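Just so it is clear, the model here is predicted, and its values are computed rather than measured. Below, chain A is the first sequence line, B the second, and so on; all start at residue 1. Values below: every heavy atom of this structure, side chains too, minus hydrogens, waters and symmetry copies.
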Amino acid sequence: MRWSQSFIPTLRDAPADAEAVSHKLLVRGGYIRQLHSGHYSLLPLGLKVHNKVANIVRKEMDAIGGQEFLLPAMHPATIWQQSGRWDVMGDEMFRLKDRSGVDLALGMTHEEIFSTLGIELKSYKELPQTWYQIQTKFRDEPRPKSGLLRVREFAMKDSYSFDLDQAGLDKSFTLHHDAYVKIFDQLGIIALPVQASSGSMGGSASIEFMVPSPAGEDDVIRCSSCDYRANVERGTSALEATDDKPGPDAPFRIATPGIRTISALAAIYDDAPASRQIKTLVVVIDDVVSLVLLRGDHQLNNQKLQDSASAINVRPADPEEIIAALGASPGSLGAVGVTDLPIYADHGLNGRTNMTTGSNEDDWHLGGVDISRDIEISAWHDLREVAAGEKCIECNAELEIIRCIEAGHIFKLGQKYSHAMGISVLDENGRAVAPVMGSYGIGIGRAVAAIAENCHDDKGLIWPPSVAPFTVVITLLNIDQADSITVSEALYKGLTDTGVEVILDDRKARPGVKFADSELLGIPIRVTVGSKGLSNGTVEITLRKSNETSEINVDEALPYLLNLIATY
RNA sequence: CGGGAAGUGGCGCAGCUUGGUAGCGCACCUGCUUUGGGAGCAGGGGGUCGAAGGUUCAAAUCCUUUCUUCCCGACCA
């Protein structure tokens, strides 16, 4: 491709709106442009990178027996109603009506739609099946942000496996897991597989592939010693034993005028450090006012609560609801004597005695509280959010928390959709069996952004060769000089003829502009053709990644480049 | 949805406080010079100042409403 004829609108300044590095560089490099919030146009170079990522994904899906489909992006409401997710998906699903008033949705994912085809599976002999597509998904995100990282319209590779039994699903799941490892390896980014929450997908297990980056939105717990890794929405840690001194036979009242916080109580009352207080939160779980109890120094993880309660929606109660439920204001709340509300307690409180908590009367707390004796716990769950520095449940080493981009997510769905959508096959005994399903996703555009987040310097992008829009840029410094033109054109033809993707910078522009643009674009190899080198019979070959430059004789340049590309 | 910020040519910004008919840098076009790290000079093109309403002889500027975008939080497969 000739640069002079290409649409590559590079910018010296990033738009003021851009914050994330990938966003700035992809816009400045002429890869993407925003149409409106959460919707981006891919420009020719952006599409090239996008396609390369998609093709790597495609290749690895094919390698595990995946068959590519393309399903509609627009769906009838009825099919989502059949699975129950028409309601579950809430505001995040784009909905519309056609001219006759029929409810429609833009697909956020395709479990239901693939299931309509799964109905045609009739025999265990046809299983397993692995089906996938690379299709546009629509999600009405509450807050699109950071360029391609969080958008409302994006291409996603989604695949679905159908197996006869759990053992089959385990195998399909492992195949996908290993394929994902290979994919991210080829994309040139580190993606840590971590235990994750399944969220609205349901199902028994899920693993996310997380790319460490400050631009990410998820926190991952990582053990400094063993290979324990989990999303904070899912992971836990070992708690050190707490010494509760023996308590009284019944709780006693403590006058605490004006005390409204855990830390304030700990400060004035020696016997109530935060770790020996009970924190009482009032939440509304699918319209049911409920209490959540945690150790005073622990934080609630909302997703854990939502998962534990199998809830669609969890929100903090507002002050009026709290007073109506408990008769006191936040800061003085407790669960002792509460019998009419569901009470969820975190495992960190299990077996604890002689603790301090609110009394549901402003300015008074209760001491000597024994959890099992004094509080009617409805259910015990893991609800607290792990903090950095806590100890690993596997090996007791220190845990760290790292910010990550969720680049892929694989789920064991089980039979939820098979049952809901009416898929069944006959097993070898002639009995109808609902296949066990799995679902597996990689966001293509998000992967592009994740690579950009990880592969750049202060001059611009540094694409891994596997996804670079071009492998080589020939920087022709003087477009009026016959020698330079001859050498450049010969190299251009030589590389093109061997299938190397090259862009020839034949623009009428100053050298500084050409160098800066080639670095901004992040093309792995630059060949500089100029009079300085040609006077010695050489061209310069520069690696974007290391900025390492070699002077190579003109005659040897082509084989040198081909060898360099082969061994990059 | 709560909090904050911002909308002026393709990009970055000034002008607004104190109303007087829009400007700077980059980019773009023409010419000359220059030519190995974002050139210089000269000339030139391009903007309903987000939108609507109001105040006024006069509104980018003041008032009201509204839309949009970004950031933090909430939320989120």
Is the distance between the ring centroids of A/Phe69 and A/Phe114 under 6.0 Å?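 Yes; A/Phe69 has its ring centre under 6.0 Å from that of A/Phe114.
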
Hey, which of A/Ile134, A/Leu148, A/Ile444 is the one that makes side-chain contact (heavy atoms from CB on, under 4.5 Å) with A/His50?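 That would be A/Ile444; it is the only one of A/Ile134, A/Leu148, A/Ile444 passing the side-chain contact (heavy atoms from CB on, under 4.5 Å) with A/His50.
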
Distances for protein N or O near nucleotides 43-51 of chain B N or O, under 3.5 Å:
none

Short heteroatom pairs, N/O only, protein and nucleotides 72-75 of chain B, under 3.5 Å:
unit_1: B/C72; atom_1: OP2; unit_2: A/Arg143; atom_2: NH1; d: 3.3
unit_1: B/C72; atom_1: OP2; unit_2: A/Arg143; atom_2: NH2; d: 2.7
unit_1: B/C75; atom_1: OP1; unit_2: A/Asn302; atom_2: ND2; d: 2.5

When the distance from CG of A/Asn478 to P of B/G37 is rounded to whole Å, what number comes out?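 That distance rounds to 13 Å.
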
Between A/Arg510 and B/G38, is there a contact of a side-chain N or O with OP1 or OP2 at under 4.0 Å?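 Negative; the distance criterion is not met.
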
Between A/Ser197 and B/A77, is there a contact of a side-chain N or O with OP1 or OP2 at under 4.0 Å?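 Negative; the distance criterion is not met.
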
Students often mix this up, so state it plainly: with edges at 30° and 60°, are the rings of A/Tyr180 and A/Phe184 parallel, tilted or perpendicular?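 A/Tyr180 vs A/Phe184 ring planes: perpendicular.
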
Assign [X] to base, sugar-phosphate, or nothing according to its heavy-atom contacts below 4.0 angstrom with the strands shown.
X	result
A/Arg526	base
A/Thr549	nothing
A/Gln34	sugar-phosphate

Suppose you measure atom C1' in B/C63 against the same atom in B/C26; what distance do you get, rounded to whole Å?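 Per the computed distance, 36 Å lies between those C1' atoms.
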
